[in-house]
Protein chains: 2
Amino acid sequence: MSTTAPTRSRKAQIDRTATALFRARGFAATSMRELATELGLEAGSLYSHIKSKEEILHRVCFGLAEEFFAGFAAATLDSAAPIATQLRLAIEAHVRVLTRDSAASAVFLQEWRHLSEPARTEFLALRDRYEAAFRGLIQQGIAAGELHAPDAAFAALTLLASLNWLPAWYRPDGKLSPDEIAHRLAEQLLNGMRSYE
Amino acid sequence: MSTTAPTRSRKAQIDRTATALFRARGFAATSMRELATELGLEAGSLYSHIKSKEEILHRVCFGLAEEFFAGFAAATLDSAAPIATQLRLAIEAHVRVLTRDSAASAVFLQEWRHLSEPARTEFLALRDRYEAAFRGLIQQGIAAGELHAPDAAFAALTLLASLNWLPAWYRPDGKLSPDEIAHRLAEQLLNGMRSYE
DNA sequence: CCTACCGATCGGTAGG
DNA sequence: CCTACCGATCGGTAGG
């Protein structure tokens, strides 16, 4: 009660350090001993804070999923706004999540396959729902004549692909700020779907 | 000399099976015993055909790199052709490699980080050169007034990102043929960079 | 291509 | 949070 830091922050610290390692080496190639060393303690000690290696991965993956959904929901709150505006806001929200924690994002995008069942299937269902949300927005935009694309599903897939490549090249100390990146990406991707009629 | 299949095809068979496993589980989480079982032999026997697990990964990654470069070179052979045409051909060539062997492509895109030095650095240099080739083409197109983009580097990055997402969703038995996919992707991505002046 | 095996390392636990 | 340890599994080798 007097000398040690609270457990909560230790757990968060473990998650954060593990996320960075999972990103750099991959989940399977990261050992708990490596993680412990990085945190300045012994491997066995980790287990007073967490239950298993996979529990960390689970928290990172599902935590990020929540952030993505929250961002999308906020971007489309005003359902009376032009679809192009909603889509722009959704793109910017997505990029904001990606840049706010690019290590966790990279783990979310690349390491989810190491989740065991049933978490893996649940995760994929969430990802599908998120893709479907973007697809739905694009479909609405096409129906309203605001957007143009030969195939909404195709457009949604390439749009998310372009965005999700970001953690691979984004550097927090780069010359473009997160907001500038979000703006440019939205500009370029919406430009490709602009309706000229 | 009379009863067994030639070693060359056995080695190719090992590469192919390993590639599928690396893709499904990741390089680090794939064991040589698993690979051996899949091939109907014992783990130790693999080593009469290969030197190490990483040797397989090395072959897959650098083999794919060669294919990508060959495709790009063929697409830009006629340097007098309009840049938009060369870019379209380069996109289609890239997609053709991705769809021809999507397992190897997924390994090329995701598992290269498990290469040890100096192969890892060499690989990244090749990837950079390839990106630079696309960037250069887009820059030429902008300079010639054929293409429009606020930032060539940005455009090259998002273009390759859209293409490289393909192995994640491409199914050989899907309703779109590789050629149709290549055509649509080229259409959509070039549309986003069309010059309207 | 197999049998038999090597040393190293893994995730995780018991007991304090 | 540490010490001491568990059984399992890893990539790879020797010798045939």
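Throughout, a chain's letter reflects where its sequence line sits, starting with A, and its residues are numbered from 1. Here the structure is a predicted model, which is why all the values come from computation and not from measurement. Computed from heavy atoms alone, side chains included, the values below leave out hydrogens, waters and symmetry copies.
Look at CG on L46(B): it is 10 Å from C1' on dC1(C), rounded to the nearest Å. E55(A) has its CD atom 10 Å from the P atom of dG12(C), to the nearest Å. Atom CD of E34(A) and atom C1' of dA8(C) are 15 Å apart (whole Å). Distance L35(A) CG to dC10(C) P: 12 Å, rounded to the nearest Å. Rounded to an integer number of Å, the gap from E42(A) CD to dC5(D) P is 15 Å. Distance CE (M32(B)) to P (dA8(D)): 23 Å, rounded to an integer number of Å. Atom CD1 of I50(B) is separated from atom P of dG11(D) by 10 Å (rounded to the nearest Å). Rounded to whole angstrom, the span from the NZ atom of K53(B) across to the P atom of dT9(C) amounts to 15 Å.
A distance of 6.0 Å or more separates the ring centres of F72(B) and H94(B). Between F27(A) and W112(A), the distance separating the two ring centers is not shorter than 6.0 angstrom. Aromatic rings of F123(B) and F108(B) (six-membered ring for Trp) have centroids within the 6.0 Å cut-off, being under it.
Heavy-atom nearest nucleotides on DNA chain C were determined for K51(A) and for S31(A), and the one closer to the 5' end corresponds to S31(A). Heavy-atom distances to DNA chain D give each of G44(B) and A29(B) a nearest nucleotide, and the one nearer the 5′ end belongs to A29(B).
For dC2(C), one of the phosphate oxygens OP1 or OP2 lies less than 4.0 angstrom from a side-chain nitrogen or oxygen of S45(B). Checking the phosphate oxygens (OP1, OP2) of dT13(C), no side-chain nitrogen or oxygen of Y47(A) falls inside 4.0 Å.
The pair E42(B)-R33(B) does not meet the salt-bridge criterion, since no charged nitrogen lies less than 4.0 angstrom from a carboxylate oxygen. Between E180(A) and K175(A) there is no salt bridge, since no side-chain nitrogen of the basic residue lies less than 4.0 Å from a carboxylate oxygen of the acidic one. Between R23(A) and E111(A), none of the side-chain N atoms (NZ, or NE/NH1/NH2) sits under 4.0 Å from a carboxylate O, so this pair counts as no salt bridge.
The side chain of R10(A) lies closest to dC1(D) when the candidates are dG11(C), dC1(D), dG11(D). Nearest nucleotide to the L41(A) side chain, out of dT13(D), dC2(D), dG11(C): dC2(D). Checking dC2(C), dG11(D), dC5(D) against the side-chain heavy atoms of R33(A) singles out dC5(D) as nearest. Distance from the side chain of S52(A) is smallest for dG12(C) among the nucleotides dG12(C), dC1(D), dC2(C).
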Reading DNA chain D 5' to 3', what string of ( ), [ ], | and . shows its pairs, if Watson-Crick and G-U wobble pairs count only when both distances fall under 3.5 Å? ||||||||||||||||
Return all side-chain donor-acceptor pairs below 3.5 angstrom for residues 79-87 of chain B, not counting sequence neighbours, or 'none' if the list is empty.
unit_1 : atom_1 : unit_2 : atom_2 : d
Q86(B) : NE2    : D78(B) : O      : 3.4
Q86(B) : NE2    : S79(B) : O      : 3.4
Q86(B) : NE2    : A81(B) : O      : 3.0

